[in-house]
Amino acid sequence: MLSLKTSRLNLTQVTEQDWPSFLQLQQDPVVMRYVSDDRKEAEIRQIFNSRLVRWELHSRHWLCLAMRDKHNGMLIGFTGFVRGEDDIAEVGFILDSAFHGQGYGYESLHTLCRFAFEKCAMRKLTATVTVGNIGSKKVLEKAGFQPEGILRENYFIGGAWQDDWIFGLLRSEFR
């Protein structure tokens, strides 16, 4: 099983035991404000099940890693990426709101980027963030992602069409 480590976190592939935490985050309105409208538990379960599929270096489905505190094992959130065409992958992360603003998002994302570039030979990483999600924007920028544009009225959430910020990080830019 894939395992990555940071100074404060263990990042391991999601397992069935992570379902309660995954469900809790997906149902937290603070966490999901810029991610999704309310989903039924069955839909969340379907998303979770797709993350349970065995992942290998050239897989085309999401690598989903649970972020746990190294010292007490507490689940902080999830991070991962999905490989697309031309050695480009889209990254994503979601953290329990109790851990927002403490550097865990950056710490996990930086380690994920290093893995994607060094072990998976990705050429570029991208991220899509709903405009207004300043926390995620700051995490991406701290990790070196550059703004690449805005997709206008790209995502329907909260009863209205929202713009998305697009970010990218090239292997040659990663520090």
Side-chain angles (χ1 to χ4, degrees), residues 1-57 59 61-83 89-120 122 125-130 132-145 157 165 167 169 174-175:
M1 177 187 284
L2 176 64
S3 178
L4 306 175
K5 298 188 183 313
T6 74
S7 61
R8 300 182 295 166
L9 298 170
N10 287 324
L11 307 173
T12 56
Q13 284 184 265
V14 68
T15 67
E16 184 61 40
Q17 289 70 36
D18 297 319
W19 165 242
S21 296
F22 190 88
L23 177 62
Q24 176 190 347
L25 287 180
Q26 293 282 323
Q27 292 179 330
D28 182 333
V30 173
V31 172
M32 299 304 287
R33 178 177 176 199
Y34 295 105
V35 179
S36 172
D37 287 328
D38 291 342
R39 296 177 175 142
K40 295 187 183 313
E41 186 173 329
E43 183 182 354
I44 297 168
R45 183 65 208 208
Q46 187 175 20
I47 293 166
F48 180 76
N49 287 347
S50 74
R51 304 303 199 259
L52 288 173
V53 176
R54 183 176 175 191
W55 189 89
E56 297 176 0
L57 284 181
S59 292
H61 59 272
W62 276 95
L63 165 62
C64 186
L65 301 172
M67 294 180 233
R68 286 192 173 76
D69 183 283
K70 263 187 179 177
H71 302 293
N72 64 21
M74 183 176 291
L75 196 132
I76 292 170
F78 298 91
T79 189
F81 67 80
V82 62
R83 180 187 295 267
E90 180 179 1
V91 301
F93 50 89
I94 187 169
L95 280 76
D96 185 311
S97 57
F99 298 101
H100 288 182
Q102 297 177 39
Y104 291 111
Y106 166 76
E107 192 172 321
S108 62
L109 180 60
H110 186 267
T111 300
L112 183 72
C113 291
R114 185 173 61 242
F115 174 76
F117 288 133
E118 294 176 3
K119 302 294 184 198
C120 303
M122 288 294 129
L125 300 175
T126 65
T128 303
V129 177
T130 304
N133 187 345
I134 302 302
S136 290
K137 179 181 184 280
K138 286 181 177 181
V139 167
L140 289 161
E141 290 173 339
K142 184 175 180 180
F145 282 75
I157 189 171
W165 288 315
F167 291 90
L169 177 63
F174 183 67
R175 49 177 160 62

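All heavy atoms count here, side chains included; hydrogens, waters and symmetry mates do not.
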Heavy-atom side-chain proximity of R83 to M122 below 4.5 angstrom: yes

From L23 CG over to D28 CG, what is the distance, rounded to the nearest 0.5 angstrom? 11.0 Å

Check: E107 and L9 side chains under 4.5 Å, non-hydrogen atoms: yes

Could you walk me through whether L65 and V14 satisfy the side-chain contact (heavy atoms from CB on, under 4.5 Å) test, starting with their C-alpha distance in whole Å, then the side-chain angles of each, then the deciding distance to 0.1 Å, before giving a yes or no? CA-CA 5 Å; L65 301 172; V14 68; over 6 Å; no

Side-chain donor or acceptor of T79 paired with backbone N/O of G92 under 3.5 Å: yes

The test is side-chain contact (heavy atoms from CB on, under 4.5 Å); show your working for E90 and L125 and say whether it passes. CA-CA 6 Å; E90 180 179 1; L125 300 175; over 6 Å; no

Would you say the side chain of L11 lies within less than 4.5 Å of the side chain of L112, judging by non-hydrogen atoms? no

The test is side-chain contact (heavy atoms from CB on, under 4.5 Å); show your working for W62 and S50 and say whether it passes. CA-CA 8 Å; W62 276 95; S50 74; 5.9 Å; no

Less than 4.5 Å apart, any side-chain heavy atom of L25 and any of D96? yes

Name the orientation class of the two ring planes belonging to F81 and W55 (parallel below 30°, tilted from 30 to 60°, perpendicular beyond 60°). perpendicular

Measure the spacing between OH of Y34 and NZ of K137 and express it to the nearest 0.5 Å. 12.5 Å

Are the side chains of L140 and V129 in contact, using a 4.5 Å heavy-atom criterion? yes

Please confirm whether R8 makes a cation-pi placement over Y104, using NZ or CZ under 6.0 Å from the six-membered ring centre and within 45° of the ring normal. yes

Check this for me, if you would: do R45 and E43 make a salt bridge, where the nitrogen-to-carboxylate-oxygen distance has to be below 4.0 angstrom? no

Side-chain (D18) to main-chain (T15) donor-acceptor, under 3.5 angstrom: yes

Taking all non-hydrogen atoms of both residues, which atom of F99 and which atom of L95 are closest, and how far apart? O-CD2, 4.2 Å

Check the angle between the aromatic planes of W165 and F167 and answer parallel, tilted or perpendicular using the 30° and 60° thresholds. perpendicular

For the residue pair M32 and V35, establish whether any side-chain heavy-atom pair is separated by less than 4.5 Å. yes

So does L52 get a backbone contact from the side chain of H61, meaning a donor-acceptor N/O pair under 3.5 Å? no

So does S108 get a backbone contact from the side chain of T111, meaning a donor-acceptor N/O pair under 3.5 Å? no

Could you tell me the separation between the CD1 atom of I76 and the CG atom of N10, rounded to the nearest 0.5 Å? 10.0 Å

Pair F117-L169, side-chain contact (heavy atoms from CB on, under 4.5 Å): steps then yes or no: CA-CA 10 Å; F117 288 133; L169 177 63; 3.9 Å; yes

Using 0.5 Å steps for rounding, measure from the CZ atom of R39 to the CD1 atom of I44. 7.0 Å

Between F78 and F22, is the ring centroid distance below 6.0 Å? yes

In this structure, CD of Q24 is separated from CG of L75 (nearest 0.5 Å) by 9.0 Å

Could you check if a side-chain atom of V139 sits within less than 4.5 angstrom of a side-chain atom of L109, using non-hydrogen atoms only? yes

Q46, CD atom: more than 12 neighbouring heavy atoms under 6.0 Å: no

Could you give the distance from CE (M67) to CD1 (I94), rounded to the nearest 0.5 Å? 9.0 Å

Do the rings of F48 and W19 sit parallel, tilted or perpendicular, given the 30° and 60° boundaries? tilted

How about D37 and I157: do any of their side-chain heavy atoms sit closer than 4.5 Å? yes

Please confirm whether the backbone N or O of T6 pairs with a side-chain atom of K70, one donor and one acceptor, at under 3.5 Å? yes

So, does R51 use its side chain to make a donor-acceptor pair with the main chain of Q13 at under 3.5 Å? no

